[in-house]
Every structure is written in structure tokens, then in C-alpha cells.
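In what follows, chains carry the letters A, B, and so on, assigned in the order in which the sequence lines appear, proteins first and then strands, with residues in each chain numbered from 1. Since this is a predicted model, take the numbers as computed values, not measurements.
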There are 2 protein chains.
Amino acid sequence: MLLGMSRNPEEPVYNRIEEARTTLGLTRQELADKVGVHYQTIGYLEREEYSPSLVLALRIAKALNQEVSELFSQTPFKKGK
Amino acid sequence: MLLGMSRNPEEPVYNRIEEARTTLGLTRQELADKVGVHYQTIGYLEREEYSPSLVLALRIAKALNQEVSELFSQTPFKKGK
DNA sequence: ATGCTATGTAGCATTAATGCAACATTTGCA
DNA sequence: TGCAAATGTTGCATTAATGCTACATAGCAT
């Protein structure tokens, strides 16, 4: 009825969170504070260990002044946008 | 320690899935098949009983030929777009 | 009326997303 | 060098999202 094996979903979602975050000179902790999650959560997302809920994706997009479609994609991003 | 009370989250996300779906003349079952979920799941989303994962939101947007930001929002939609 | 199709609802099981704590590692800077 | 901040990683608990089954209801044909 239990197993300590979370972290590692099925369907990948690629993102540019780290790129957009560092562009704004923000630390993970600061971004986490802005969107109201733990700083580790930002880490998991940047490393693409799992994909966010839609609500979180919307909050992050707003915090980073980007469109959801500019930040997240089902297909890998090319270099330098 | 348990309660059969799922269905009913905290933070609402508004959407136009039903509007976009009927515009295309699709049934819930058909949309569900296109995005690979249960037809009830589409129902729960349209009634805004919970919000989708980002992956599902991306798939739905693609199936309905819309931008994620056109389909989902943290603030209610006005009438007729 | 009968029947069919689309939709609403309820339960319960499973899995992914997130919180949170603890500790390792890396990097920059005094 | 060493310290401190930022980040990586692990483990476990909790909750939301989804699957799935079953049944009720509503509308629209024939």
C-alpha cells in the first residue's frame, strides 16, 4: 500500500523555466516565493523530473512574464529560442 | 484517516473546453479519445470540478486548435470570448 | 412509450505533484 | 583557504488528478 518511489513520471514536458528565471536574475527560492511553492519544486521542474499542474504553470508563466506556450512544450526547445 | 471526498480542489481554473468542443461538433467521448483520457474526465474539467495537469491541458489545446491561454485562465471568461 | 446517446454523479483505487526535512555538492567570493 | 549561498538528491507524507465501474437523468429520435 506504499512505496517511496515518486519522482519520475511518464510523459515528459519540456520547459525554459531556468532560462527565463536566470534572465530575470532570480534565484529558485525567489521564484518559489513568487509562485507560492517550495524551492525544491522549482528544481524538480527545471530538471524536468516532473511537470507542473496547470495552475502552477499559469502562475509561473505570470511570474516570469511569459506565455505558457513559450515556457512549456511537449517537444524539446531549440537552442536560444 | 480517510474520506471519500475527492473531486473539489482549492484553486479554481476556468476554461472554455465545452464551448470550443461543441463549436467543433465533438462529443465528450470523441474529445476524450483524441486526448487519451476518460470521457468523465472531460466532464469534470468542463464543470470545473478540478483543473487538468499541464500535459493534459497541452493535449486538449492541441486537439481543439487553441492556445492554452485561450482555453484556460485563472480569472473567469467574459461572455463570447 | 421505447430506446439510444450524451451527460451528470458517486465511489474507490492508483499515481503524479507537492510539502517538507535533512544532507551532499558546487560555486563564488572575501 | 574557508565560508556561505545556490543547487542537487533522497525519503516520506499528503492531496489532487485520473481511471474505471455503475447507475441516474435528460433529450431526441422512431
Side-chain angles (χ1 to χ4, degrees), chain A residues 1-64 68-69 71-74, chain B residues 1-64 68-69 71-74:
Chain A
M1 194 251 278
L2 64 99
L3 253 169
M5 177 6 201
S6 244
R7 320 285 191 214
N8 218 302
E10 12 57 83
E11 202 160 355
V13 171
Y14 306 92
N15 72 75
R16 280 176 165 159
I17 299 180
E18 180 164 31
E19 177 183 336
R21 172 178 63 81
T22 55
T23 294
L24 296 183
L26 294 176
T27 151
R28 287 186 183 169
Q29 179 69 66
E30 291 168 333
L31 176 56
D33 290 343
K34 291 187 78 172
V35 300
V37 294
H38 261 253
Y39 74 96
Q40 290 103 323
T41 297
I42 303 294
Y44 286 120
L45 297 179
E46 292 187 349
R47 279 175 257 121
E48 290 165 349
E49 293 190 32
Y50 57 56
S51 61
S53 65
L54 177 58
V55 215
L56 182 50
L58 290 171
R59 286 202 232 116
I60 292 178
K62 176 177 293 184
L64 296 177
V68 171
S69 51
L71 269 182
F72 303 93
S73 167
Q74 297 176 93
Chain B
M1 195 255 279
L2 62 99
L3 254 168
M5 183 352 203
S6 243
R7 320 284 191 216
N8 217 302
E10 12 58 82
E11 203 159 355
V13 171
Y14 307 92
N15 72 76
R16 279 177 166 157
I17 298 180
E18 180 164 31
E19 178 184 334
R21 171 178 64 81
T22 55
T23 295
L24 296 183
L26 294 176
T27 153
R28 287 187 183 169
Q29 179 69 66
E30 291 168 331
L31 176 56
D33 289 344
K34 291 187 77 172
V35 301
V37 294
H38 261 252
Y39 75 97
Q40 292 101 323
T41 296
I42 303 294
Y44 286 120
L45 296 179
E46 291 188 351
R47 281 174 257 121
E48 289 166 351
E49 293 189 34
Y50 57 57
S51 61
S53 65
L54 177 59
V55 214
L56 182 50
L58 290 171
R59 285 200 233 116
I60 292 179
K62 174 177 294 184
L64 297 177
V68 171
S69 51
L71 270 182
F72 303 93
S73 166
Q74 297 177 92

* Using whole Å, report how far CD of A:Glu18 lies from P of D:dA6. => 14 Å

* **Residue pair A:Glu30 / A:Gly25: nearest heavy atoms and the distance that separates them** => OE1-O, 3.9 Å

Heteroatom pairs (N/O) under 3.5 angstrom, protein to nucleotides 22-28 of chain C:
residue, atom, partner, partner atom, Å
C:dA22, N6, A:Gln40, NE2, 3.4

* Which whole-number value in Å describes the distance from B:Glu48 CD to D:dT18 C1'? -> 18 Å

* Can you tell me how far C1' of C:dG19 sits from CD of B:Glu11, to the nearest Å? -> 15 Å

* Mind listing the closest non-hydrogen atom pair of A:Tyr14 and A:Gln74 along with its distance? => CE1-O, 3.2 Å

* List in chain and number order the residues that pass side chain to side chain contact (heavy atoms under 4.5 Å, CB included) with B:Ser73, two or more places apart in sequence or in another chain; answer none if no residue qualifies. => B:Thr75, B:Phe77

* **DNA chain C contacts among residues 29-37 of chain A, heavy-atom distance under 4.0 Å** => A:Gly36, A:Val37

* Heavy-atom side-chain contact between B:Ser51 and B:Phe72 under 4.5 Å -> no

* For DNA chain C, whose closest nucleotide is more 5', that of A:Ser51 or that of B:Tyr44? -> B:Tyr44

* Structure fact -> Numerically ordered, the residues 52-63 of chain B set in heavy-atom contact under 4.0 Å with DNA chain C is none

* Can you tell which of D:dT7, C:dT18, C:dA17 lies closest to the side chain of A:Thr27? -> D:dT7

* Rounded to the nearest Å, what distance is computed from the CD1 atom of residue B:Ile42 to the C1' atom of nucleotide C:dT9? -> 17 Å

* To do: Would you please name every residue forming a salt bridge (Lys or Arg N to Asp or Glu O under 4.0 Å) with A:Glu11, sequence neighbours left out?
  => B:Arg59

* Asked: Side chains of B:Val35 and B:Ile42: does their closest heavy-atom pair fall under 4.5 Å?
  -> yes

* To do: Could you tell me the separation between the CZ atom of B:Arg47 and the P atom of C:dT7, rounded to a whole number of Å?
  => 10 Å

* Think A:Arg21 has a side-chain N or O under 4.0 angstrom from the OP1 or OP2 of D:dA6? -> no

* To do: Work out which heavy atom in B:Val68 is nearest to a heavy atom in B:Ala57; give both atom names and the distance.
  => CG2-O, 4.4 Å

* **Euclidean distance, atom CD of residue A:Glu49 to atom P of C:dT18 [Å, nearest integer]** => 13 Å

* To do: Among B:Leu45, B:Val37, B:Ile17, B:Thr41, find the residue that satisfies the side chain to side chain contact (heavy atoms under 4.5 Å, CB included) test when tested with B:Leu31.
  => B:Ile17

* **For A:Leu71 against A:Ala61, the heavy-atom pair lying closest together** => CD1-CA, 3.6 Å

* So, for A:Ala63 and A:Leu24, which heavy atoms are closest and what is the spacing to 0.1 Å? -> O-CD1, 4.2 Å

* Which nucleotide in the set C:dA10, D:dT18, C:dA17 lies at the smallest distance from any side-chain heavy atom of A:Tyr50? -> C:dA17

* C:dT18 OP1/OP2 closer than 4.0 Å to side-chain N/O of A:His38 -> no

* **salt bridge (Lys or Arg N to Asp or Glu O under 4.0 Å) partners of B:Glu18, counting only residues at least two apart** => B:Arg21

